[in-house]
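Have a look at the structure below before the remarks.
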Amino acid sequence: QVQLVESGGGLVQAGGSLRLSCAASGRTFRRYAMGWFRRAPGKESEFVGGINSSGGSTTSADSVKGRFTISRDNAKNTVYLQMNSLKPEDSAVYYCAAADTIGVVTTSREYHYWGQGTQVTVSS
C-alpha cells in the first residue's frame with residue numbers, strides 16, 4: 001500500500017512557476033513508476049508527465065513539453081513537478097499517482113495509487 005500526498009499548488013500569474021511535490025509513504029517507493037495527471041473543470045483527466053522507478057527516464061505530454069519537468073528523489077520518497085511558463089489553460093487539480101512497475105507509465109488505468117490532488121490556478 002502506498003499513500004500519496006501532494007503539495008505546492010496555489011494561485012500564480014501567467015508566466016509564473018510552481019513546483020508540486022508528492023510525498024509517498026512506505027519503504028518501497030523506489031519500486032514504483034510515478035506520474036502526474038490533471039483535471040480541469042468539465043474536462044477529462046489528462047496525463048501530464050511520468051517517470052520510471054529509478055528516475056532515469058521521463059516523458060511528458062505535448063501540451064507541457066518544454067515547460068514542465070518531472071523528477072524524483074528516491075531517498076526522500078518524493079516526486080516533483082516543476083511547472084514553468086504557466087498558462088491559464090494549465091489551471092486544474094493536479095494528481096500524482098504510483099504504478100507498481102519500473103517503466104514509465106502514461107495511461108491512468110495502469111496506476112494503482114492516487115493522491116488527493118492539489119489545485120493550481122493560473123490567472124491571466
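Treat the numbers as computed from the prediction; the structure is a model and nothing was measured.
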Within-4.5 Å side-chain heavy-atom neighbours: [X] and [Y]:
X    : Y    : value
V12  : L86  : yes
V104 : T58  : no
V2   : F29  : no
W114 : S108 : yes
D100 : R31  : yes
S53  : R30  : no
V93  : T118 : no
M83  : R67  : no

Does a donor on one side chain and an acceptor on the other come within less than 3.5 Å for N84 and S17?
-> yes

Looking just at side-chain N and O atoms, do S63 and E46 make a donor-acceptor pair shorter than 3.5 Å?
-> yes

Without swapping roles, check the side chain of [X] against the backbone of [Y] for a donor-acceptor pair under 3.5 Å.
X   : Y   : answer
N77 : A23 : no
E6  : C96 : yes
T78 : K76 : yes

Does Q3 CD have over 12 foreign heavy atoms under 6.0 Å away?
-> no

In terms of heavy-atom contacts, does CG of L11 have more than 12 from other residues, nucleotides or ligands at under 6.0 Å?
-> yes

Indicate, with yes or no, if [Y] and [X] share a hydrophobic cluster defined by side-chain heavy-atom contacts under 4.5 Å among Ile, Leu, Val, Met, Phe, Trp and Tyr.
X    : Y    : value
V64  : Y111 : no
L20  : Y113 : yes
V48  : Y95  : no
V105 : I70  : no

Please give me the minimum heavy-atom distance between [X] and [Y], naming the atom from each residue.
X   : Y    : answer
A33 : G103 : CB-O, 3.1 Å
A92 : R39  : CB-O, 3.4 Å
C22 : L4   : SG-CB, 3.8 Å

Give me the ring orientation class for F37 and F47: parallel if the planes are under 30° apart, tilted from 30 to 60°, perpendicular past 60°.
-> perpendicular

Within 45° of the six-membered ring axis of Y80 and under 6.0 Å from that ring's centre, is NZ or CZ of R19 located there?
-> yes

Is the NZ or CZ atom of R72 positioned over Y32's six-membered ring, under 6.0 angstrom from the centre and within 45° of the axis?
-> no

Evaluation steps, side-chain hydrogen bond (donor to acceptor under 3.5 Å, both in side chains), between Q13 and S124 = CA-CA 6 Å; Q13 289 188 330; S124 58; over 6 Å; no

CG/L18 to OG1/T121 distance, rounded to the nearest 0.5 angstrom?
-> 9.5 Å

Any chance you could measure N74, atom CG, to T28, atom OG1, to the nearest 0.5 Å?
-> 10.5 Å

Full working for side chain to side chain contact (heavy atoms under 4.5 Å, CB included) between V120 and D90 = CA-CA 8 Å; V120 171; D90 294 319; 5.5 Å; no

